[in-house]
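So you know, we letter chains A, B, ... as the sequences are listed, proteins then strands, and number each from 1. Small disclaimer: the values here were computed from a predicted structure and weren't measured.
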Amino acid sequence: MTVRVQRENFDPGAEMDALCAGRLDVGACASFVGLVRAANDGRGVAAMTLEHYPGMTEAALEDIVQQAGRRWNILDTLVIHRYGELRPGDRIVLVVVIGAHRGEAFAACEFIMDYLKTQAPFWKKESTPDGQRWVEAKTSDDDAAARWRE
Amino acid sequence: MTVRVQRENFDPGAEMDALCAGRLDVGACASFVGLVRAANDGRGVAAMTLEHYPGMTEAALEDIVQQAGRRWNILDTLVIHRYGELRPGDRIVLVVVIGAHRGEAFAACEFIMDYLKTQAPFWKKESTPDGQRWVEAKTSDDDAAARWRE
Amino acid sequence: MSMTVKILYFAALRERLDRAEERLDLPPGVATAGALRAHLAGRGGAWEALTSVRNLRVAVNQRMGGADTPLADGDEVAFFPPVTGG
Amino acid sequence: MSMTVKILYFAALRERLDRAEERLDLPPGVATAGALRAHLAGRGGAWEALTSVRNLRVAVNQRMGGADTPLADGDEVAFFPPVTGG
């Protein structure tokens with residue numbers, strides 16, 4: 001179970017390989033990469049700055065990953081989240097979950113993304129042709145996280 | 001939209017990168033890799049042979065991917081499925097779905113895997129200490145595919 | 001006017017029949033996948049697997065079919081156990 | 001006996017207050033995160049954002065809290081808008 005919060009880019013394929021390396025009990029590897037889009041809510045995005053809360057960010061991500069580990073029978077998990085200035089096409093976040101079976105790996109991976117969106121202290125500021133603006137939290141993200149509470 | 005059925009191994013990271021290359025509209029890349037486990041249903045597995053139905057396999061996978069494209073707002077999809085003799089730790093299948101938003105990419109990726117498990121003409125034969133045996137289809141796979149029909 | 005079909009067998013069924021494929025002139029009255037299956041099972045011996053194997057699947061011209069799927073001259077008909085890919 | 005806390009502000013709130021952090025001796029009667037928030041808003045001007053910003057979040061010692069979360073000497077209290085990572 002690994003959580004990394006970093007400025008640097010990451011290589012999803014290399015991270016997936018490293019998580020599976022040397023094990024023969026992995027039947028399923030579900031992963032997610034979030035990227036910066038050149039347009040958001042109809043506005044052009046030239047750059048995006050991700051602010052975070054050092055210390056709490058790592059603790060919040062570790063808590064989310066542990067919750068996933070209690071809910072599903074999975075083997076290991078990796079979360080990498082970047083901060084700092086990013087450009088369209090840049091990777092923001094990686095979540096990889098490995099397990100014996102696909103259903104639990106998929107569920108845990110999506111759960112981690114949904115909770116991360118509403119629980120991890122990151123904030124996005126976009127540079128658009130009209131100037132800079134802070135991205136508003138989406139109610140759809142709250143809804144996505146809430147469905148796991150049933 | 002690409003479907004490949006091949007004997008050769010594949011590189012998930014390189015395939016994900018190629019699918020996203022040159023586009024700035026991708027916010028979400030959901031992927032799944034299925035691998036051979038060294039034990040299945042309590043039996044050791046020394047090797048696995050995947051038989052398929054050339055021609056129909058490609059058509060069935062393309063049909064599943066097209067269904068996903070009609071159901072969800074996604075940008076592109078890649079499915080690679082291997083056949084032939086595989087060893088524990090070897091990759092069997094890769095599904096990558098890219099889209100603007102994570103919810104639809106996740107759903108389409110899981111849908112493709114669930115349908116592939118019940119609709120694509122592949123059969124697995126395991127070499128175990130007790131000899132060779134054909135893997136039985138699981139009712140849990142039928143259940144997983146059925147939940148998308150609601 | 002005879003109707004000829006190509007028949008394919010896969011996986012455990014192929015092994016039980018010890019045959020991967022054959023060409024067959026359909027006997028009179030055999031006009032659906034289900035009728036063909038019953039006709040083949042009527043050969044007896046290992047061929048009874050065609051009716052005894054649980055959940056046997058059929059594809060006609062590389063599309064999943066059922067007992068009622070009609071057959072035409074030149075069709076490719078495949079019988080196989082439930083699939084287990086992925 | 002005085003209680004001192006460290007207060008952090010993030011993102012849009014940090015910019016509105018033009019301040020990232022401060023140390024504060026809690027006035028008598030300010031013993032929860034909610035009371036601290038009201039106290040800070042009472043400074044007026046930009047500080048009114050602490051009550052006017054919709055859905056302002058608070059964390060105490062790096063864990064999400066609420067208005068009732070009690071404060072102790074040496075605590076780290078953070079105020080910030082809803083998060084938007086991922």
Identify the heavy atoms of Ala137(B) and Val83(C) that sit nearest to each other, and give their distance.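 Smallest heavy-atom distance, with atoms named: CB-O, 3.8 Å.
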Inter-chain donor/acceptor N,O pairs below 3.5 Å: chain C to chain B:
| residue | atom | partner | partner atom | Å |
| --- | --- | --- | --- | --- |
| Ala11(C) | N | Glu51(B) | OE2 | 2.8 |
| Arg14(C) | NE | Glu51(B) | OE2 | 3.1 |
| Arg14(C) | NH2 | Glu51(B) | OE1 | 2.4 |
| Arg14(C) | NH2 | Glu51(B) | OE2 | 3.4 |
| Glu15(C) | OE1 | Lys125(B) | NZ | 3.4 |
| Glu15(C) | OE1 | Trp134(B) | NE1 | 3.0 |
| Glu15(C) | OE2 | Lys125(B) | NZ | 2.3 |
| Gln62(C) | OE1 | Met56(B) | N | 3.2 |
| Glu76(C) | OE2 | Tyr53(B) | OH | 2.5 |
| Pro81(C) | O | Trp123(B) | NE1 | 2.9 |
| Thr84(C) | N | Phe122(B) | O | 2.7 |
| Thr84(C) | OG1 | Lys124(B) | N | 3.0 |
| Gly85(C) | O | Lys117(B) | NZ | 3.4 |
| Gly86(C) | N | His81(B) | NE2 | 2.9 |
| Gly86(C) | O | Lys124(B) | NZ | 2.7 |

Please classify the contact of Ala60(B) with chain C as side chain, backbone, both or neither, using a heavy-atom distance under 4.5 Å.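 Neither part; nothing is under 4.5 Å.
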